[in-house]
S.K.: 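First the structure, then my questions, so here it is.
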Amino acid sequence: MPAAAFAVAGEAERARILAKAALFAPPPATLDDGRKDIVGLSREELAAELAALGQPAFRARQIWHWIYHQGVTDFARMSTLARGLQRLLAEHFAILRPEITNVRESADGTRKFLFRFRDGEAVETVYIPDLEEERGAVCLSTQVGCTLSCRFCHTGTQPLARNLSASEIVGQFMAARDAYGEWPSPNGEARLLSNIVLMGMGEPLYNYEATARAVQIAMDGEGIALSRRRITLSTSGVVPMMDRCGAELGVNLAVSLHAVTDELRDELVPLNRKYPLAELMAACRRYPGSSNARRITFEYVMLDGVNDSDAEARELVRLIGGIPAKVNLIPFNPWPGSRFSPSPERRIARFAAIVREGGFAAPVRAPRGRDILAACGQLRTEVESRG
Ligand code: SAH
Ligand code: SF4
């Protein structure tokens, strides 16, 4: 297909995906008491809201700084604003956070939060500290459940309840920061919560607009100020939205590959039937800014006897040939009722060696937080089943 035809086809497909996302919209930003959640508004929207209250544009900047740099959740603490204005804002707006309903910490420092939103829906968020340095990644969810039913994924067994709003997505990061006391946003690189990975529950590219807005807020230099190099979006391969994500956000991309033939990937990642490997690989090759310094990560969950042979490792090298990439080998994290087992360590080591001989870095992801069931979707289920 010529490039122009591809772009047009992509546009129609993107419109369809966005229309479907709208069917699973989160509750409105306005609360029962008439106040509006101010988190998740873009800077322009915040300025417009304030202008409607007769406030000059520079107020938006000040308030943005209080919310996203200082982490304040109470207008009364915005000490650069006059008391009257603080009261006016408190009448019209709220600075919402998801509510923490459960926290578990693993022996290795991984901490898992169960967050509940206003309508009672819940997701999990995991903080994974680096084992060597004083930093770590916060793994955010973008949907309650998922429509995609990947066979090895526990979230895939939970029907999509709804999409999260931008406030709820960036709010998970902010609430995690509350828990670690990491406010105001530290300047420079020394941060405990230093990275964001969009790898929790849900498919971020099926909730693109809210995800993009949350990412843009996190990247804004006058607030949370995380560089795009520190944000990674993981997708199961929603090809048309990968193009938009690359053009608009330019964050690091992780692609959940898991199989090297359409036949097997159709089974493991059913989305492959819509966007098969050839299209997925073409989208990866188009992803802007990929270079040796900024490689695409291919995630590959190692399933015993299913996708872990030497031949598959060689085919993987061929498939991603020429793409600046690394391959993250993830030992399958079993969950109650799953039909797979993790590949044995020796098998993973052999697979990794072949991928490395092929010229790609192939780190094996250390299982983290096993003792607190840190695989996709598990804490939520555990709490639900307790009652
Ligand atoms: N929906 C997106 C992001 C969330 S899933 C995606 O699929 O990429 C994040 C990663 O966890 C994906 O690579 C997914 O394949 C992987 N994953 C899901 N369940 C897993 C399990 N039980 N063991 C190991 N990895 C798993
Ligand atoms: Fe959804 Fe990702 Fe799980 Fe697949 S792996 S079911 S896309 S959350």
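All figures in this text were calculated on a predicted structure; none of them were measured in a lab. Numbering of ligands and ligand atoms starts at 1, following listing order.
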S.K.: I'd like to check whether H154 has a polar contact with ligand 1, where a contact means an N/O of the residue lying under 3.5 Å from an N/O of the ligand.
M.R.: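 Looking only at distances, the answer is no, because the N/O contact criterion of under 3.5 Å is not met.
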S.K.: Less than 4.5 Å apart, side chain to side chain, heavy atoms only: is that true for S309 and F351?
M.R.: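 Answer no - side chains too far apart.
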S.K.: Under the ring-ring contact (aromatic ring centres under 6.0 Å, His included) definition, can you give me all pairs with a residue in residues 88-109, not counting sequence neighbours?
M.R.: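 Not a single pair qualifies under ring-ring contact (aromatic ring centres under 6.0 Å, His included).
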S.K.: Counting heavy atoms only, name the option from S141, C153, P342 that's nearest to atom 18 (C) of ligand 1.
M.R.: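 Considering heavy atoms of S141, C153, P342, the nearest to atom 18 (C) of ligand 1 sits in C153.
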S.K.: With sequence neighbours excluded, tell me which residues meet salt bridge (Lys or Arg N to Asp or Glu O under 4.0 Å) with R61.
M.R.: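 Residues passing salt bridge (Lys or Arg N to Asp or Glu O under 4.0 Å) with R61: E222.
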S.K.: Which of these, C150, P204, S256, has its nearest heavy atom closest to atom 6 (S) of ligand 2?
M.R.: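 Ranked by closest heavy atom to atom 6 (S) of ligand 2, first place is C150.
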S.K.: For atom 2 (Fe) of ligand 2, which of the options S141, G202, G156 provides the nearest non-hydrogen atom?
M.R.: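 Nearest heavy atom to atom 2 (Fe) of ligand 2 lies in G202.
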S.K.: Can you tell me if, anywhere in C153, an N/O/S atom lies at a distance from atom 4 (Fe) of ligand 2 that is smaller than 2.8 Å?
M.R.: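 Within the cut-off used here (under 2.8 Å), C153 places no N, O or S atom near atom 4 (Fe) of ligand 2.
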S.K.: Determine whether the side chain, the backbone, both or neither of S234 has a heavy atom under 4.0 Å from any heavy atom of ligand 2.
M.R.: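 Neither; no heavy atom under 4.0 Å.
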S.K.: Check whether the ring centres of F152 and H258 lie less than 6.0 Å apart, and answer yes or no.
M.R.: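 Between H258 and F152, which both carry aromatic rings, the centre distance is below 6.0 Å.
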S.K.: Does any N or O of ligand 1 fall below 3.5 Å from an N or O anywhere on G200, backbone included?
M.R.: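 N/O-N/O distance below 3.5 Å does not exist for this pair.
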S.K.: List ligand 2 atoms under 4.0 Å from C146, heavy atoms only on the residue side.
M.R.: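 The list of qualifying atoms is 1 (Fe), 6 (S), 7 (S), 8 (S).
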S.K.: Judging by distance only, is a nitrogen or oxygen of P331 under 3.5 angstrom from one on ligand 1?
M.R.: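 So ligand 1 has no N or O lying under 3.5 Å from an N or O of P331.
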S.K.: Search all heavy atoms of A176 against all heavy atoms of V138 and return the closest pair with its distance.
M.R.: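 Looking at all heavy atoms of both residues, the closest pair is CB-CG1, 4.3 Å.
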